[in-house]
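Step one of this worksheet: look at the structure below.
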Amino acid sequence: MEIIYKSTRNSNERKTASQAILQGLAPDGGLYVPEQIPSLDRSLEELSGMSYKEVAYEVMKLYFTDFTEEELKKCIDSAYDSKFDTEEICPLVEADGAYYLELFHGATIAFKDMALSILPHLMVTSARKNHVKNDIVILTATSGDTGKAALAGFAGVDGVKIIVFYPKGGVSAIQEKQMLTQKGANTHVVGIHGNFDDAQTGVKQLFSDKALEKELDAAGYQFSSANSINIGRLVPQIAYYVYAYGTLVKEGKLASGEKMNVVVPTGNFGNILAAYYAKNMGLPINKLICASNENKVLYDFFTTGDYDKNRAFTLTNSPSMDILVSSNLERLIYRIAGEDAGKNAEFMSSLATSGRYEITDEMKQGLVDFYGNYATEEETCETIRNLYEKTGYVIDTHTGVAANVLQKYRRATGDNTIAVVASTASPFKFARSVMGAIDAEKYSAMEDFALIDELSRIGNVAIPRAIEEIRTAPVLHDKQCDTNEMKQVVTDFLGM
């Protein structure tokens with residue numbers, strides 16, 4: 001069965017999988033979604049006996065139907081290789097009544113590696129398949145993790161250039177150094193004076209600038225996206241929920257068909273949306289637990305049905321979630337609006353003009369699979385500290401938000417269903433915040449890399465290669481700009 005993709009804002013805008021991957025964002029500003037969510041065509045027992053690569057193929061073949069088996073398997077083999085420091089790609093670790101799905105064993109020690117390791121291969125294959133003659137310019141806004149993972153994935157790829165915008169002062173010291181030390185003549189990193197939402201809005205405006213599109217084409221370029229708005233980012237993320245379930249079945253922790261809960265620290269909504277797609281494919285998921293930090297726009301939405309970004313923006317110790325406009329939520333809104341593109345476009349127009357929209361009571365019924373809550377900075381630190389003192393297991397701040405919200409969910413509902421927590425970043429990536437949570441007084445005066453050495457010692461975990469590489473690496477990118485200068489930055493880098 002061929003899966004065709006359509007825009008959430010115009011049902012007449014239809015693409016094959018490879019065309020949707022290449023385009024990234026639809027011309028009308030909408031996101032590409034499959035016309036139908038396919039069902040898993042292998043039994044849970046079969047899936048439980050598969051390696052990560054095998055599971056990834058079984059999931060992706062159902063969505064990327066214009067790729068041959070050989071093309072897709074080549075992309076998967078190229079992505080999930082020795083750049084991951086564990087053979088199983090994403091280990092599942094039990095600690096204090098929950099299973100932590102460690103999604104941070106790739107080249108940049110964050111969950112974005114899981115999808116951004118494969119996206120360059122999907123994109124190059126898509127370009128070849130569609131006879132694209134232009135060079136592709138990957139344009140990306142990052143709240144910290146997507147940027148480095150995209151840079152690492154696309155660095156040195158022929159026919160591709162990548163420009164990453166990040167909020168200067170709005171990412172961790174390690175996140176920033178990972179980006180600023182990135183090698184590759186085709187890479188460009190720019191700190192903007194503003195927050196992530198400003199960067200993301202600026203990138204979307206560049207995508208929808210028709211005059212710029214013509215200028216780019218004349219110069220031999222075309223834009224695409226590595227953000228989670230690209231369907232080539234979203235689909236690979238579905239695979240790890242299927243793999244986690246299979247692992248629990250294989251280890252006898254779950255009976256085949258028994259349900260699990262999934263807890264996801266959520267910013268741009270892509271990771272939890274992938275779990276929602278997995279559930280709709282037939283994976284036995286009970287509740288999708290959406291965990292927010294103090295920028296709790298999603299918690300308020302799930303509680304009231306009112307999405308309102310008109311509020312103070314808070315810089316937290318979980319910066320990848322410091323987001324007030326969750327782009328991927330649009331895919332869910334479109335679905336619960338009965339796949340009515342016109343209705344969805346009205347909501348998105350309202351968000352763009354007034355900063356808010358409110359869904360109908362009927363649409364609220366489509367949110368029954370979700371539970372939303374949030375953790376304060378204090379609660380996040382307390383959760384990290386308590387888990388470490390109880391078990392010796394160290395988690396990062398984003399995972400700490402999720403673990404805290406899981407506790408709140410269990411207290412509120414009495415539901416103790418086996419829970420998989422998406423552990424989205426290595427604690428080494430946020431060593432200052434993590435060590436401060438464990439013992440602020442003891443570690444506050446240490447410099448960043450001394451903290452990393454101490455974290456390795458107390459957690460009894462080897463320092464990841466990604467951290468060791470940047471310890472002495474020179475800064476190669478030092479560009480900063482205001483949001484109104486983003487277009488000029490792009491054209492300057494491309495020599496236009």
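Heavy-atom basis, side chains included; hydrogens, waters and symmetry copies ignored. As the structure is a computational prediction, the values presented were derived from the model and not from experiment.
Shown here for Val325 and Asn268, the closest heavy-atom pair between the two residues is O-OD1, 3.4 Å. Nearest heavy atom pair, residue Arg9 against residue Asp28, reads CB-OD1, 3.6 Å. Across every non-hydrogen atom of Ser225 and Asn230, the tightest pair is O-ND2, 2.7 Å.
Residues Glu58 and Asp41 form a side-chain contact, since some pair of their non-hydrogen atoms from C-beta on lies under 4.5 Å apart. Side-chain contact between Leu283 and Leu44: present, with at least one pair of heavy atoms (C-beta onward) separated by less than 4.5 Å. Counting only heavy atoms from C-beta outward, the side chains of Tyr299 and Cys290 never approach each other to under 4.5 Å. Within the 4.5 Å cutoff, no side-chain heavy atoms of His477 are placed close to those of Lys479. No side-chain heavy atom of Val421 sits under 4.5 Å from any side-chain heavy atom of Leu101. Using a 4.5 Å cut-off on side-chain heavy atoms (C-beta onward), Gln23 and Lys15 make contact. Side-chain contact check for Tyr221 versus Met496: some heavy-atom pair is nearer than 4.5 Å. Side-chain contact check for Met114 versus Pro236: every heavy-atom pair is 4.5 Å or farther apart.
Ring centers of His398 and Phe430: under 6.0 Å apart, within the cut-off. Aromatic rings of Tyr5 and Tyr32 (six-membered ring for Trp) have centroids beyond the 6.0 Å cut-off, not under it. Ring to ring, Phe493 and His188 are close: their centroids are under 6.0 angstrom apart. A distance below 6.0 Å separates the ring centres of Tyr52 and Tyr80.
A salt bridge links Lys279 with Asp369: the closest approach of a Lys/Arg side-chain nitrogen to an acidic carboxylate oxygen falls below 4.0 angstrom. A salt bridge does not link Asp217 to Lys214: none of the charged side-chain nitrogens sits closer than 4.0 Å to a carboxylate oxygen. The existence of a salt bridge linking Lys73 and Glu70 is excluded, since no basic side-chain nitrogen approaches an acidic carboxylate oxygen closer than 4.0 Å. Ionic pairing of Asp306 and Arg356 is present here: one or more N-O contacts between side-chain nitrogen and carboxylate oxygen are shorter than 4.0 angstrom.
With Lys429 as the partner, the side-chain hydrogen bond (donor to acceptor under 3.5 Å, both in side chains) test is satisfied by one option alone out of Asp396, Thr424, Thr397, Asp145: Asp145.
Side-chain contact check for Glu330 and Thr8: at least one donor-acceptor pair (N or O, by modelled atom type) lies under 3.5 Å. The closest side-chain donor-acceptor pair between Asn286 and Tyr371, if any, does not fall under 3.5 angstrom. With no hydrogens or angles considered, a side-chain donor-acceptor pair links Lys148 and Gln182 at under 3.5 Å. Remark: the Ser256 side chain and the Glu45 side chain contain an N/O donor-acceptor pair separated by less than 3.5 Å. When only modelled atom types and interatomic distance are considered, Gln19 and Asp66 share no side-chain donor-acceptor pair under 3.5 Å. Of the N and O atoms on the side chains of Ser423 and Thr399, at least one donor lies less than 3.5 Å from an acceptor on the other residue.
Here side chain to side chain donor-acceptor pair (under 3.5 Å) pairs that include residues 487-496, with residues two or more places apart or in two chains, are Asp209-Lys487, Gln488-Asp492. For residues 113-141, the pairs satisfying salt bridge (Lys or Arg N to Asp or Glu O under 4.0 Å) are Glu71-Lys129, with sequence neighbours left out.
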- Query: Going through the distances and angles, do Ser349 and Glu346 end up as a side-chain hydrogen bond (donor to acceptor under 3.5 Å, both in side chains)?
  - Reply: CA-CA 5 Å; Ser349 174; Glu346 285 176 22; over 6 Å; no
- Message: Before you tell me yes or no, could you show the steps for Tyr166 and Glu176 under side-chain hydrogen bond (donor to acceptor under 3.5 Å, both in side chains), namely the whole-Å CA-CA distance, both residues' side-chain angles and the distance that decides it to 0.1 Å?
- Response: CA-CA 9 Å; Tyr166 75 97; Glu176 184 173 50; 2.6 Å; yes
- Task: Verify side-chain hydrogen bond (donor to acceptor under 3.5 Å, both in side chains) between Ser228 and Lys112, making sure each step is shown before the conclusion.
- Result: CA-CA 9 Å; Ser228 57; Lys112 308 291 172 75; over 6 Å; no
